[in-house]
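Have a look at the structure below before the remarks.
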Amino acid sequence: MIAVLHIARNPRTGVWSAIKTLAIAQCKAGYHVTVGLLVPSDWPYRADLRDLPFRVRLAYSPRVFGTAAFLYHLLFNHSVNIWVKTLISDHEASTHAVHFHNAWLSGALIGRRPAIDGLVQVATFHGMAANSPLLKQPIRRLIHRRFAQRLIKAGCILSSVAPPEAHTARDVFGLDLELFRVTPNGVEGGPPPSRQHAKSHDIVIGHVGMIDDGKGWRITAAAVEQIRSRGMAVHFWIIGQGPEQEEARRWCEERSEFARFWGYVHNAGINIMPQIDVLSLPSRVEGLPMVVLEAMAAGVAVIATPVGGIPQAVINGVTGFLVDRDTKQIEAVLQRLVNEPSILTNMQKRAYDHYRACYGATRMVESYEQLYKRT
């Protein structure tokens, strides 16, 4: 029996989705699962906590920028220490695992408690920019480097959702590549979706997730507007929240004949994704985005930039298209999919097949179990 405690400070969008998906799948596999969250009072996902099959523990985290927040938790780490002690005392298990989800910043949460026999600690790197701003901020970089070194001193196993994260961690923090195990994200999917497209079908393009410049929603919006001006039948849906959500809302309201702003949707991967034909994600930085895997599991073709683990998930020309953060490129791809609907139908089937082969939730559970058991 495995008892696992997942710990995260203020998880958002894809990271929160990854934690939930993994924890639910582990419950189905017979694990004892607890999720401990350090969150500010306005953390927007509290409604998600209803009806989950695992225990959730909440503790306060100040609503300040990342470095300051983790320094706070380095000094005041009582909740995490209590959660770990409770994990050990409440569950007689062959393996006790504490799984952190804030990458190198998890070093601030790992605590100063004495080593506990049989306790395994894992820290997952969900995404890290190759051109990290820390490279130009020597003082802040030093602080973060010490967070990373605390993980090593504690014997923490390091996991990255895609190979580029490990290489960036090496360049920024001097972490040895051999310390990392690549453990891709996974999602729970349903039966193969049935999608048929005809020339008259209004193709729905979706932006799902964080609404900010880094995710490139404006780039997709401009491409959609251009092909609409040529009389092509496409619609654009924006699902999510973020610092630019009011701008996105206004943009959609001004173009209500073809655009719709949904805002935050609970379990969007299940409730919205099957209604979308194409996901567009021209991100600046990614790890292995859950939204891409959710799209594939729903039989949705993906247009995305080749960053992080996306090139492993999106096979260019087969399950989707890899593009630059460029309106013209996205416009050309969308025009092709509208004009040749058979390409879209075939691509959607192959996206689902690729998800089934490589990115199921069960496969993710098995991969992390190897880390927990140190095999």
Side-chain angles (χ1 to χ4, degrees), residues 6 8 11-29 33 35 37 43-54 56 101 126 161 184-196 203-211 215 217 235-242 245 260-281 286-304 310 313-314 319-320 344-345 347-365:
H6 294 280
R12 298 290 182 122
T13 57
V15 174
W16 173 231
S17 178
I19 295 170
K20 281 192 303 177
T21 301
L22 176 58
I24 290 171
Q26 288 174 334
C27 286
K28 291 180 179 178
V33 180
V35 173
L37 301 174
W43 187 65
Y45 305 100
R46 292 179 186 270
D48 289 1
L49 304 182
R50 296 192 297 265
D51 302 321
L52 291 173
F54 49 82
V56 178
H101 291 272
H126 286 278
V161 297
N185 288 331
V187 297
E188 194 73 59
S194 177
R195 294 173 179 270
Q196 295 295 326
I203 292 178
V204 178
I205 319 301
H207 172 97
V208 184
M210 183 66 72
I211 303 174
K215 299 292 185 179
W217 72 272
H235 290 259
F236 185 39
W237 291 0
I238 300 178
I239 300 98
Q241 55 189 179
Q245 66 185 45
R260 180 173 179 181
F261 180 84
W262 288 77
Y264 173 72
V265 175
H266 178 64
N267 285 337
I270 296 172
N271 296 323
I272 290 291
M273 196 67 77
Q275 303 177 54
I276 292 171
D277 297 300
V278 180
L279 173 75
S280 181
L281 190 70
E286 290 290 356
L288 178 56
M290 290 292 286
V291 69
V292 166
L293 306 186
E294 290 169 348
M296 293 165 59
V300 174
V302 177
I303 301 172
I310 288 178
V314 179
T319 67
L344 177 57
T345 300
M347 190 166 282
Q348 290 169 329
K349 180 183 181 302
R350 291 190 175 189
Y352 179 81
D353 291 344
H354 188 46
Y355 144 74
R356 290 281 293 176
C358 301
Y359 297 107
T362 299
R363 183 182 290 268
M364 177 171 56
V365 170

Whether over 12 other heavy atoms sit under 6.0 Å from Arg46 CZ: yes
Would Ile303 and Leu281 count as a side-chain contact (heavy atoms from CB on, under 4.5 Å) if you check the C-alpha gap in whole Å, the side-chain angles of each, and the deciding distance to 0.1 Å? CA-CA 6 Å; Ile303 301 172; Leu281 190 70; over 6 Å; no
With a 4.5 Å heavy-atom cut-off, do Trp217 and Ile238 have their side chains touching? yes
Val291/Met273 under side-chain contact (heavy atoms from CB on, under 4.5 Å): CA gap, chis, key distance, verdict: CA-CA 9 Å; Val291 69; Met273 196 67 77; 3.7 Å; yes
Below 4.5 Å, heavy atoms only, C-beta onward: do Leu344 and Lys349 meet side chain to side chain? no
All side-chain hydrogen bond (donor to acceptor under 3.5 Å, both in side chains) counterparts of His126, not counting sequence neighbours: His101
Quick one: are Val35 and Ile19 in side-chain contact, heavy atoms under 4.5 Å? yes
What distance do Trp237 atom CH2 and Ile272 atom CD1 have between them, rounded to the nearest 0.5 Å? 6.0 Å
Answer yes or no: is there a side-chain heavy-atom contact under 4.5 Å between Phe236 and Phe261? no
Could you check if a side-chain atom of Thr319 sits within less than 4.5 angstrom of a side-chain atom of Val302, using non-hydrogen atoms only? no
4.5 Å side-chain heavy-atom contact, Gln348 and Asp277: yes
Hey, can you tell me if Tyr45 and Tyr264 have their rings parallel, tilted or perpendicular (30° and 60° cut-offs)? perpendicular
Starting at CD of Glu188, measure out to OG1 of Thr362 and round the result to the nearest 0.5 Å. 6.0 Å
Can Arg260 be said to sit on top of Trp262's aromatic six-ring, NZ or CZ under 6.0 Å from centre and within 45° of the ring axis? yes
Asp48 side chain to His266 side chain, donor-acceptor N/O pair below 3.5 angstrom: yes
Got a donor-acceptor contact below 3.5 angstrom from the Arg363 side chain to the Ala357 backbone? yes
Please determine whether side-chain contact (heavy atoms from CB on, under 4.5 Å) holds for the pair Met296 and Arg356, giving the CA-CA distance in whole Å, both sets of side-chain angles, and the decisive distance to 0.1 Å. CA-CA 9 Å; Met296 293 165 59; Arg356 290 281 293 176; over 6 Å; no
Option passing side chain to side chain contact (heavy atoms under 4.5 Å, CB included) with Asn185 (candidates Thr21, Val15, Leu22, Val161): Val161
Rounded to the nearest 0.5 Å, how far apart are CD1 of Ile203 and CD1 of Ile276? 13.0 Å
Determine whether Tyr355 and Glu294 satisfy the following criterion, side-chain contact (heavy atoms from CB on, under 4.5 Å), listing intermediate values before the conclusion. CA-CA 9 Å; Tyr355 144 74; Glu294 290 169 348; over 6 Å; no
4.5 Å side-chain heavy-atom contact, Val292 and Tyr359: no
Check whether any side-chain heavy atom of His207 sits under 4.5 Å from a side-chain heavy atom of Ile239, and report yes or no. no
